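Following: one structure in structure tokens, then a few remarks.
Read the numbers this way: they start at 1 and go in the same order the structure lists the ligands and their atoms. Predicted model, so just to flag it, every value in this text is computed and none were measured. Worth knowing before you read on, the calculation uses all heavy atoms, side chains too, and leaves out hydrogens, waters and symmetry mates.
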Amino acid sequence: MTAINVKQVILHRMLMLLKQPFETNLGTFQQKDFFIVEVIDKEGNSGYGETVAFPSPWYTEETVETNWHVMEDFLIPLLMESPIEHPDEVSGRFKVIRRNNMAKAALEGAVWDLYAKREGISLSEAIGGTKKAVDVGVAIGIQSSTTELLELIEQYTQQGYKRVKLKIKPGHDLEVLREVRKQFPTLPIMADANSAYTLADLEHLKKLDELDLMMIEQPLQHDDFIDHATLQKELNTPICLDESIHTYSDAKTAIALGSCKIISIKPGRVGGITEAKKIHDLCAKHDIPVWCGGMLEAGVGRAHSLAIATLPQFTLPGDTAASANYWASDIITPEVTVDNGQVILPEEPGIGYQINWTLLEAFRIDKMVVN
Ligand SMILES: O=C(O)CCC(=O)C1=CC=C[C@@H](O)[C@@H]1C(=O)O
Ligand SMILES: [Mg+2]
């Protein structure tokens with residue numbers, strides 16, 4: 001393959017309204033403010049990526065504004081400084097910039113999409129995916145009543161989702177989960193705490209073992225490994241780390257200390273596809289199941305998540321639900337649909353979904369062209 005010469009990058013700033021508010025213990029989202037990143041080569045081909053940072057730095061240190069600043073002032077110049085022989089080079093080129101993984105992942109993902117399109121292969125094939133369809137779960141934000149939550153779960157099980165992920169926090173955990181387990185005795189259920197607990201809650205968290213949960217996601221401090229290892233020794237339920245894992249090195253630390261038994265991989269959180277693949281391979285070596293976490297993405301980000309979820313160690317359903325679960329209309333065509341709890345991936349080159357330009361331009365609030 002000839003090298004990729006990046007001629008232009010366009011940052012399409014987007015604002016899309018979520019169909020229903022998404023509440024966690026750290027905030028409620030009504031809309032998503034993000035960038036669709038378009039990387040254009042000198043032959044005029046385009047690859048697409050999507051930033052996943054929120055407007056405030058509550059999930060990681062990044063925000064929509066820091067993504068914009070770091071992409072425009074540091075990462076795009078690095079991308080354009082010399083030809084790219086293979087997308088795996090991009091994360092190494094970006095290493096001179098500390099952290100800012102979501103900014104890096106959006107640009108690196110667009111280069112991966114561009115590369116796969118130039119090669120005439122799907123992104124899944126380009127990264128070594130082995131599956132044509134992926135199992136899908138659904139994440140449900142905190143609801144105003146248990147009745148509403150139970151009705152929502154019933155709807156999702158009717159739609160065939162393979163598991164439900166429920167948000168928990170102190171005062172909104174055991175009772176609610178007991179109600180859910182009573183109504184759905186065999187449903188695969190996981191809980192995401194977004195760091196709402198500390199080791200002082202150990203005895204309380206041990207009560208969750210009675211519920212036969214698939215996992216408890218990130219119960220403790222967002223950057224902790226030691227206390228999670230202490231907690232995991234006391235729990236039968238597997239701990240899954242999300243916010244703690246930003247790099248391959250973090251994954252190595254977590255596995256060495258026994259901080260978790262499952263890892264959620266999000267390309268945006270770890271800096272892109274190349275790092276995600278390295279973490280995936282490490283987890284495969286240590287028999288740690290992984291799944292693809294979600295960031296309330298629009299269709300481009302969702303397409304990248306689906307491609308990564310075709311790697312073999314992604315053995316658990318991901319937060320890659322249908323477009324219609326989030327958006328009245330998505331910016332890709334066709335939209336992502338879920339049948340029988342699975343998404344069947346498109347075979348077309350690259351991310352496999354086309355941009356719906358009418359809708360992208362309808363939801364676009366700004367456009368920055370960087371030559
Ligand atoms: O994208 C989805 O469907 C799930 C999103 C989701 O659960 C999360 C997104 C971002 C931060 C958290 O609230 C939570 C997570 O921790 O995985
Ligand atoms: Mg999480």
Side-chain angles (χ1 to χ4, degrees), residues 16 18-34 50-64 101-102 105 134-143 152-153 156 159 161-169 172 189-197 213-224 228 238-246 250 254 260 262-270 290-306 308-309 316-327 330 335-336 338 341 343:
M16 289 175 70
L18 284 161
K19 273 170 91 169
Q20 59 258 345
F22 187 81
E23 183 184 340
T24 77
N25 70 303
L26 294 162
T28 302
F29 309 102
Q30 308 274 358
Q31 57 188 22
K32 199 81 193 303
D33 179 352
F34 62 99
E50 180 174 328
T51 62
V52 295
F54 293 106
S56 65
W58 65 270
Y59 175 71
T60 70
E61 76 286 358
E62 292 186 83
T63 68
V64 180
N101 283 348
M102 294 173 180
V134 296
D135 286 349
V136 178
V138 63
I140 303 175
I142 292 174
Q143 300 301 303
L152 211 42
I153 294 172
Y156 284 125
Q159 291 168 29
Y161 283 98
K162 297 277 187 192
R163 66 101 169 108
V164 295
K165 167 166 131 173
L166 306 178
K167 297 290 174 187
I168 59 170
K169 59 184 179 183
H172 183 87
I189 302 168
M190 60 177 283
D192 186 357
N194 289 115
S195 306
Y197 300 91
L213 299 175
M214 293 171 75
M215 66 189 92
I216 303 174
E217 191 180 332
Q218 201 71 36
L220 309 179
Q221 181 81 357
H222 68 91
D223 57 357
D224 167 80
H228 278 105
I239 289 175
C240 169
L241 289 182
D242 171 359
E243 289 90 331
S244 291
I245 309 291
H246 295 270
D250 288 343
C260 62
I262 298 172
I263 288 181
S264 147
I265 293 178
K266 300 180 179 180
R269 190 192 71 227
V270 301
V290 302
W291 55 282
C292 189
M295 291 294 285
L296 308 173
E297 294 92 343
V300 172
R302 194 160 305 281
H304 280 273
S305 293
L306 291 166
I308 201 93
L316 298 170
D319 280 344
T320 45
S323 294
N325 184 52
Y326 305 87
W327 317 110
D330 202 346
E335 293 196 351
V336 172
V338 171
V343 173

* To do: Compare every heavy atom of S244 with every heavy atom of Q218, then report the nearest pair and how far apart it is.
  =>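 For Q218 versus S244, the nearest heavy atoms are NE2-OG, 2.9 Å.
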* Please report the shortest heavy-atom distance between F34 and A298, naming the atom on each side. => CZ-CB, 3.6 Å
Check: [X] side chain, [Y] main-chain N or O, donor-acceptor pair, under 3.5 Å:
| X | Y | result |
| --- | --- | --- |
| Q20 | N325 | yes |
| Q143 | G141 | yes |
| N101 | A105 | no |

* What count do you get for protein N/O/S atoms less than 2.8 Å from the Mg ion (ligand 2)? ->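 That number is 3, waters not included.
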* **side chain to side chain contact (heavy atoms under 4.5 Å, CB included) involving A254 - partner list, sequence neighbours excluded** => F225, L241, I245, S259, C260
* Residues lining ligand 1 [heavy-atom distance under 4.0 Å, listed by chain and residue number] ->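 Within 4.0 Å of ligand 1, the protein residues are F22, T24, F54, W58, Y59, A139, K165, K167, D192, N194, E217, D242, E243, K266, G294, M295, L296, D319, Y326.
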* Structure fact -> Contacts of Y59 meeting ring pair (Phe, Tyr, Trp, His ring centres under 6.0 Å) (sequence neighbours excluded), chain-then-number -> none
* Asked: Heavy-atom distance under 4.5 Å between the side chains of M190 and R163, does that happen here?
  -> yes
* **D319/R302 ion pair, N-O < 4.0 Å** =>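 Not counted as a salt bridge, because no side-chain N and carboxylate O are separated by less than 4.0 Å.
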